[in-house]
Amino acid sequence: MEQKSQLATRALFDAKTPRYSSYPSVSHFSPAVNSGLKRQWLSSIPANSSISIYLHVPFCRKLCWFCAYRTQSSQSDGPIRSYVEALKQEISLVLQSLPPGTTVSRLHFGGGTPTILPADVFADLCATLTSAIPLASDYEFAVEVDPNDVDLDRVAALQAAGVNSVSMGIQDFDPEVQAAIGRTLSFDRVSAVVEDLRAHHIGQLTFDVLYGLPHQTGPRLTDTLQMLLSLSPDRFSVCNYSHVPALARRQSMIPSEALPPPPDRLRLFETAERLLQWDGYQPIGMDHFSRPDDRLAIANRLGRLRRDFRGYSDDPNDVLIGLGASAVSRFPQGYCQNEISTSGYEQAIAGGHHATTRGHVFKNDDRLRGEMIERLLCDLHLSATSLARDLDMPVAVLDLYLDQIATGLSEMLQRDEHGIAIKPEARPFARMIASRLDRYALPAI
């Protein structure tokens, strides 16, 4: 108990640490990477490769105050339809450089609110994409669904397009918490949408929950989780709310004095952890839980879990193509990011160019550090022996990196002759621990 108290009072929850969905993080991308380089990297993909695609829909009907993602409000469908036309043109541009035989095994629509797309627009976009780059036989097609902005026509369109996985941002059902974060959502609405999805044979379901929200307490979070457990989802994402109003101005609407202090936030996570494990969900990485037969749990047991712009995944591919404003592509050579603003993105695409405005070319030990950060966040341990075998490097060299992480963190890490492991009670602070490997930013610890 004393050790947990020490962790909670070290201001670790307030450390502004990257999510490490990429390494380096997007804040360290530079304009040295342009559309010409992206074309080269696309053309270098081997023929008959399997790739992943992330498609970003930045629109929402209403902007939730807690959200720090790249989104914008739209009360009409006109801007949405215009944006989708640009997406279709970008798909055509990508296709021009892709080698023959390329297929998609992981497809993810995120946002924003992908289900803001009218059913006919969603169907047309999916048909354009999958006719250009076919889905592989073992594909996963995941879509982020807002229960407040989906109807039967949209659910039918999801099914017709081949969607087989959905995630829903729930956060918390308590009315006071919802009022403080600018989001209203009832359990009855969520339950009805889940019933519609399952009736349309869309079975894989993930619920996203935030802890550390204003006015949130253990009993309130418990009530939310128990209601969600009654719907038997496959996965839970239980992430710490990061309050960064200087970066996400809408968060200034949230009363900072109502945010739980660090010790309470740690207890909130422990409450969620106990409830979900009691119900048979296995911990995955630092903040996910899944059923033992879920693909994430299987990937976790096999050491194949990945960390990327979608959070955790079992993505086996080296290439991820990002489509849409602000979307990031990952290649063996580095990262490319599209123009952040929708207007700038649409203008670039209309001119017949990839909308790439910045990125990063891997250099020095970027790949090594990125691999170590990913493995630490996925497996919660690092073995110098295993890394030496997988990366064909001397164990002594890797031990130096492990020393860099472990120094001064005895209350969070276990160190032995094989490597380092994050202690169970320090799991919520895995990103802060991994930041010790980040040569582009000051350590957060």
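Only a predicted model underlies this, so the values are computations on that prediction, with no experimental measurement involved.
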Side-chain touch V194/F207, heavy atoms, less than 4.5 angstrom
yes

If you measure from the Lys or Arg side-chain nitrogens to the Asp or Glu carboxylate oxygens, is any gap between D293 and R235 under 4.0 Å?
no

Give a yes or no answer on whether the side chain of T385 reaches the backbone of H418 with a donor-acceptor pair at less than 3.5 Å.
no

May I ask you to check whether over 12 heavy atoms, not counting those of R250, lie within 6.0 Å of atom CZ?
yes

Determine whether N48 and T102 make a side-chain contact, defined as any pair of heavy atoms from C-beta on separated by less than 4.5 Å.
no

Distance-only side-chain donor-acceptor flag, E371 / Y23, under 3.5 Å
no

Exam field: side chain R439 to backbone R369, donor-acceptor pair closer than 3.5 Å:
no

Check: R307 side chain, I373 main-chain N or O, donor-acceptor pair, under 3.5 Å:
no

How long is the gap from OG1 on T17 to CG on D438, to the nearest 0.5 Å?
9.5 Å

Do S82 and E346 have a side chain donor and acceptor closer than 3.5 Å?
yes

For Y139, what residues pass the side chain to side chain contact (heavy atoms under 4.5 Å, CB included) criterion, not counting sequence neighbours?
L135, F141, N164

Test side chain to side chain donor-acceptor pair (under 3.5 Å) on S73 and Q75; report intermediate values, then the result.
CA-CA 7 Å; S73 176; Q75 300 305 310; 3.1 Å; yes

How about CG on D138, more than 12 heavy atoms from neighbouring residues, nucleotides or ligands closer than 6.0 Å, or not?
yes

Nearest 0.5 angstrom please: L98 CG to Q96 CD, how far?
10.0 Å

We want to know whether E339 and Q347 form a side-chain donor-acceptor pair, criterion being a heavy-atom distance below 3.5 angstrom.
no

Under 4.0 Å between a side-chain nitrogen and a carboxylate oxygen: does that hold for D399 and R415?
yes

Do side-chain atoms of Q404 reach the backbone of R436 as a donor and acceptor pair under 3.5 angstrom?
yes

Straight-line distance of S237 OG to D208 CG, nearest 0.5 Å:
4.5 Å

Identified side chain to side chain contact (heavy atoms under 4.5 Å, CB included) partner of L382 from the options L413, I405, I422, L398:
I405

Sequence neighbours excluded, the answer for side-chain hydrogen bond (donor to acceptor under 3.5 Å, both in side chains) partners of H108 is E144

For the side chain of D379 and the backbone of H381, is there at least one donor-acceptor N/O pair under 3.5 Å apart?
no

Step by step, would you call Y211 with Y241 a ring-ring contact (aromatic ring centres under 6.0 Å, His included)?
CA-CA 6 Å; Y211 68 93; Y241 167 64; over 10 Å; no

Going by atom types only, do S232 and R198 share a side-chain donor-acceptor pair under 3.5 Å?
no

Taking 4.0 angstrom as the limit, do R295 and D314 come out as a salt bridge?
yes

Walk me through whether D120 and R81 qualify under salt bridge (Lys or Arg N to Asp or Glu O under 4.0 Å).
CA-CA 10 Å; D120 65 312; R81 291 180 181 272; 3.4 Å; yes

Test item: R367 side-chain N/O and P332 main-chain N/O as donor-acceptor pair under 3.5 Å:
yes

Which residue, T206, L205, D146, forms the side chain to side chain contact (heavy atoms under 4.5 Å, CB included) with M168?
L205

So, taking the atom named CG in N148 and the one named CD1 in I116, what distance separates them when rounded to the nearest 0.5 Å?
12.0 Å

If I compare all heavy atoms of I45 with all of P99, which pair ends up nearest, and what's the gap?
O-CG, 2.9 Å

Scan side-chain atoms only and decide if R358 and Q337 contain a donor-acceptor pair under the 3.5 Å cut-off.
yes

Give me each pair satisfying side chain to side chain donor-acceptor pair (under 3.5 Å) with a member in residues 124-137, each pair once, sequence neighbours excluded.
K88-D124

Okay, side chain of H28, backbone of V26: is any donor-acceptor separation there less than 3.5 Å?
no

Is there a donor in the side chain of D308 and an acceptor in the side chain of S313, or the other way round, less than 3.5 Å apart?
yes

So do T113 and V57 actually touch side chain to side chain, heavy atoms under 4.5 Å?
no

Do I181 and Q171 have side-chain heavy atoms sitting under 4.5 Å apart?
yes

From Y281, Y312, F269, F289, residue fulfilling ring pair (Phe, Tyr, Trp, His ring centres under 6.0 Å) relative to F236
Y281

Using a 3.5 Å distance criterion without hydrogens, assess whether the side chain of E374 forms a donor-acceptor pair with backbone atoms of R306.
no

Can you confirm whether F122 sits close enough to L158 that some side-chain heavy atom of one is under 4.5 Å from a side-chain heavy atom of the other?
yes

Is the number of heavy atoms from other residues, nucleotides or ligands under 6.0 Å of E195 CD greater than 12?
no

So does A142 get a backbone contact from the side chain of R106, meaning a donor-acceptor N/O pair under 3.5 Å?
no

Please examine the side chains of L129 and F109, heavy atoms only from C-beta on, and report whether any two atoms are closer than 4.5 Å.
yes

If you take all heavy atoms of R154 and D151, which pair is closest and at what distance?
N-OD1, 2.9 Å

For R249, look at atom CZ and say whether over 12 heavy atoms of other residues, nucleotides or ligands are found less than 6.0 Å away.
no

Check whether the side chains of T115 and D149 place a donor and an acceptor atom closer than 3.5 Å, and report yes or no.
no

Beyond-backbone contact of Q89 with L93, side-chain heavy atoms, under 4.5 angstrom:
no

D172 vs T224, side chain to side chain donor-acceptor pair (under 3.5 Å): CA-CA, chis, key distance, verdict:
CA-CA 6 Å; D172 196 300; T224 291; 3.2 Å; yes

Distance only, no hydrogens: is a donor on one side chain within 3.5 Å (strictly under) of an acceptor on the other, for Q282 and D294?
no

Between S105 and S50, a side-chain donor and acceptor under 3.5 Å
yes

Do the ring centers of Y335 and F29 come within less than 6.0 Å of each other?
yes

Check the pair D196, L152 against side chain to side chain contact (heavy atoms under 4.5 Å, CB included), reporting the backbone distance first and the verdict last.
CA-CA 7 Å; D196 290 340; L152 276 176; 3.6 Å; yes

Passes side chain to side chain donor-acceptor pair (under 3.5 Å), D366 versus H360? Steps please.
CA-CA 10 Å; D366 284 345; H360 181 82; 2.7 Å; yes

Side chain to side chain, I433 and I420, heavy atoms closer than 4.5 Å
no

Going through the distances and angles, do S44 and R39 end up as a side chain to side chain donor-acceptor pair (under 3.5 Å)?
CA-CA 9 Å; S44 70; R39 281 195 300 273; over 6 Å; no

Spell out, as yes or no, whether a donor-acceptor pair under 3.5 Å connects the side chain of N34 to the backbone of L37.
yes

Step by step, work out the salt bridge (Lys or Arg N to Asp or Glu O under 4.0 Å) result for R61 and D77.
CA-CA 10 Å; R61 294 301 183 202; D77 287 345; 2.6 Å; yes

